[in-house]
Amino acid sequence: MSGGDLRSLAAVSATVTAAMCYVRFAAGRLRPGLPRLAAFLPVLAVLPFLPFAFSAIHPRAISGFFLAWLAEFKLLRLAAGKGPLHPSLPFPAFVAVASGPVRLHGDGPDKAQGTSSGLDLASSAVMAALLAVIVSLYRYQEAMNQYVLLTLYAFHVYLALELVLASAAAAARALLGMDLEPQFDRPYLSASLRDFWGRRWNLSVPAVLRPCVHRPVRARLGTAAGVLATFLVSGLAHELMFYYITLRPPTGEATAFFTLHGACAVAEAWWARHDAWWRPPRLVATPLTLAFVLVTAFWLFFPPITRPGADKLVIAECEAAVAFVRGAGAWAAGSVQSVWTERS
């Protein structure tokens, strides 16, 4: 990040901390419902604008996901008197859970302890190395087939999200001593769209969408409507994420992508209810599922990013980050060697 973005990070962090201090104070003194919601409205209105403080795409998009998506839904849940937030949480834990991809075991004020999860050091190192390899391959992008390049983008998105979310969870665990649930569960093993989106991919999202969207809609209109509403809201939220990335008006393609997947997930569930009907074995279902996700992503998910050239800016930022890490590593190795030579 540039010096300006580092200053923005400090300002945004201070603003979020102050906002969550106010929210926790208000939640502890107002009953759930309209009184709490009215008190939270200023914070709910401010959070989506904070990511625009960053000029680089990565901090703008990451903070947008944390603040304009996860935090908004969690605060709405708190306004209704629901978890995972509760004013009895210690303030550092309250801020971490409210403004990051941090989800405690349990859905209330009790911080039930579970097994520690997330990426271990070896897995993180492997994923970081794979991401560095992908970034290095981008120098040949002009000679690549379009779909090969988009496939690299798909792996890039997965690895980057896995590392960012796991790092945030690990930091919260180290600083706050909390056991956290994983953010991903090997999505490359998904045997259905319901498995991919509901149980394996970016679990922070279904964790907030299930109680906020799926369950209320399902209770009134049925399971299929709950699933479709959840995917529709996810699509609209992704339109906002794309706006943070491209600074261009929404195109509706992300909404179409998730609406299509929601409709297909409903069809999957309908088919699965007929036990006598044929279904592919897992060895076939998994590649079919991943192929469907990739092909529809090529069609609807990536074009809003690639069309205005935002992918080129993302690649440039990644290349700069890799170059910085390599330079820092070379400097550290040289310093150690100099010290060792002097002592010898």
Side-chain angles (χ1 to χ4, degrees), residues 1 56-62 64-65 101 119 122-168 183-190 193 195-197 200-205 234-235 238-239 241-248 251 253-254 256-258 260-261 286-327 329:
M1 287 193 294
I57 291 177
H58 281 86
R60 194 164 65 233
I62 293 169
F65 175 58
L119 293 177
S123 299
S124 298
V126 170
M127 288 194 168
L130 288 174
L131 184 57
V133 169
I134 289 174
V135 171
S136 68
L137 290 175
Y138 288 146
R139 72 183 68 176
Y140 308 110
Q141 59 184 296
E142 300 300 331
M144 285 184 188
N145 177 274
Q146 177 188 6
Y147 295 109
V148 172
L149 182 60
L150 290 176
T151 301
L152 287 179
Y153 286 174
F155 282 109
H156 184 147
V157 169
Y158 166 59
L159 292 171
L161 280 174
E162 181 86 83
L163 288 169
V164 167
L165 297 178
S167 298
Q183 303 302 319
F184 288 84
D185 184 14
R186 298 168 295 174
Y188 44 84
L189 297 181
S190 302
L193 291 177
D195 188 28
F196 182 87
W197 293 115
R200 293 186 180 275
W201 180 265
N202 198 357
L203 300 177
S204 298
V205 171
S234 181
H238 276 84
E239 298 282 0
M241 295 303 104
F242 287 2
Y243 182 66
Y244 286 130
I245 293 171
T246 65
L247 301 179
R248 300 287 184 89
T251 65
E253 289 162 293
F257 173 82
F258 283 97
L260 172 63
H261 279 245
T286 295
L288 284 177
T289 299
L290 299 180
F292 182 81
V293 172
L294 280 176
V295 169
T296 53
F298 295 166
W299 173 33
L300 292 169
F301 189 86
F302 287 116
I305 298 173
T306 59
R307 192 181 301 120
D311 58 318
K312 302 298 188 294
L313 297 177
V314 170
I315 290 172
E317 290 182 6
C318 290
E319 289 175 338
V322 170
F324 173 80
V325 171
R326 286 176 176 168

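Here, residue 1 is the first one in the sequence, and each next residue gets the next number. Below, each value reflects all heavy atoms present in this structure, side chains not excepted, and no hydrogens, waters or symmetry copies.
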Side chain to side chain contact (heavy atoms under 4.5 Å, CB included) test vs Thr289 passes for just one of Asp195, Leu294, Leu193, Leu189, namely Leu193

Taken to the nearest 0.5 Å, the spacing of Phe184 CZ from Glu162 CD works out to 5.5 Å

Next on the checklist: Between Glu319 (side chain only) and Ser136 (backbone N and O only), is there a donor and an acceptor less than 3.5 Å apart?
Outcome noted: no

*With a 4.5 Å heavy-atom cut-off, do His261 and Val293 have their side chains touching?*
yes

Worksheet item: Does the side chain of Cys318 come within less than 4.5 Å of His58's, by heavy atoms?
Response: yes

dist Ile245:CD1 -> Asp311:CG (nearest 0.5 Å) comes out at 10.5 Å

Shortest non-hydrogen pair, Pro304 vs Pro308, comes out as O-CD, 3.2 Å

Tightest non-hydrogen contact, residues Ala297 and Pro303, listed as O-CD, 3.9 Å

The complete set of salt bridge (Lys or Arg N to Asp or Glu O under 4.0 Å) pairs with one or both residues in residues 295-310, sequence neighbours excluded, reads Glu253-Arg307

All heavy atoms of Leu300 vs all of Ala256, minimum pair found to be CD1-C, 4.0 Å

Scanning both residues in full, the closest heavy-atom pair of Ser190 with Arg200 reads OG-CD, 3.2 Å

Between the CZ atom in Phe301 and the CG atom in Leu260, the distance rounded to the nearest 0.5 Å is 13.5 Å

Test log, rule side chain to side chain contact (heavy atoms under 4.5 Å, CB included), inputs Phe302 and Val157:
CA-CA 11 Å; Phe302 287 116; Val157 169; 4.2 Å; yes

Check your understanding: Does some side-chain heavy atom of Tyr243 sit less than 4.5 Å from a side-chain heavy atom of Thr251?
Key -> no

Exercise. For the rings on His238 and Phe257, is their centre-to-centre separation under 6.0 Å?
Worked result: no

Looking only at heavy atoms, the pair that brings Ala254 and Phe242 closest together is CB-CE2, 3.7 Å

Side-chain contact, heavy-atom cut-off 4.5 Å: His156 with Ile315?
no

Applying side chain to side chain contact (heavy atoms under 4.5 Å, CB included), run through Arg60 and Leu247 and close with a yes or a no. CA-CA 10 Å; Arg60 194 164 65 233; Leu247 301 179; 3.9 Å; yes

> Can you tell if the side chain of Tyr158 reaches within under 4.5 Å of the side chain of Tyr153, non-hydrogen atoms only?
Replying inline: no

Sequence neighbours left out, cut at 3.5 Å: what donor-acceptor pairs do the side chains of residues 125-134 make with other protein atoms?
none

For residues Phe65 and Asn202, determine if any side-chain heavy atom of one lies less than 4.5 Å from a side-chain heavy atom of the other.
yes

| query | So do Leu150 and Gln146 actually touch side chain to side chain, heavy atoms under 4.5 Å? | reply | yes

| said: Evaluate Leu149 against Tyr138 for side chain to side chain contact (heavy atoms under 4.5 Å, CB included), listing each step before the verdict. | reply: CA-CA 8 Å; Leu149 182 60; Tyr138 288 146; 4.0 Å; yes

Item to check | Leu161 side chain near Trp201 side chain, heavy-atom distance below 4.5 Å | outcome: yes

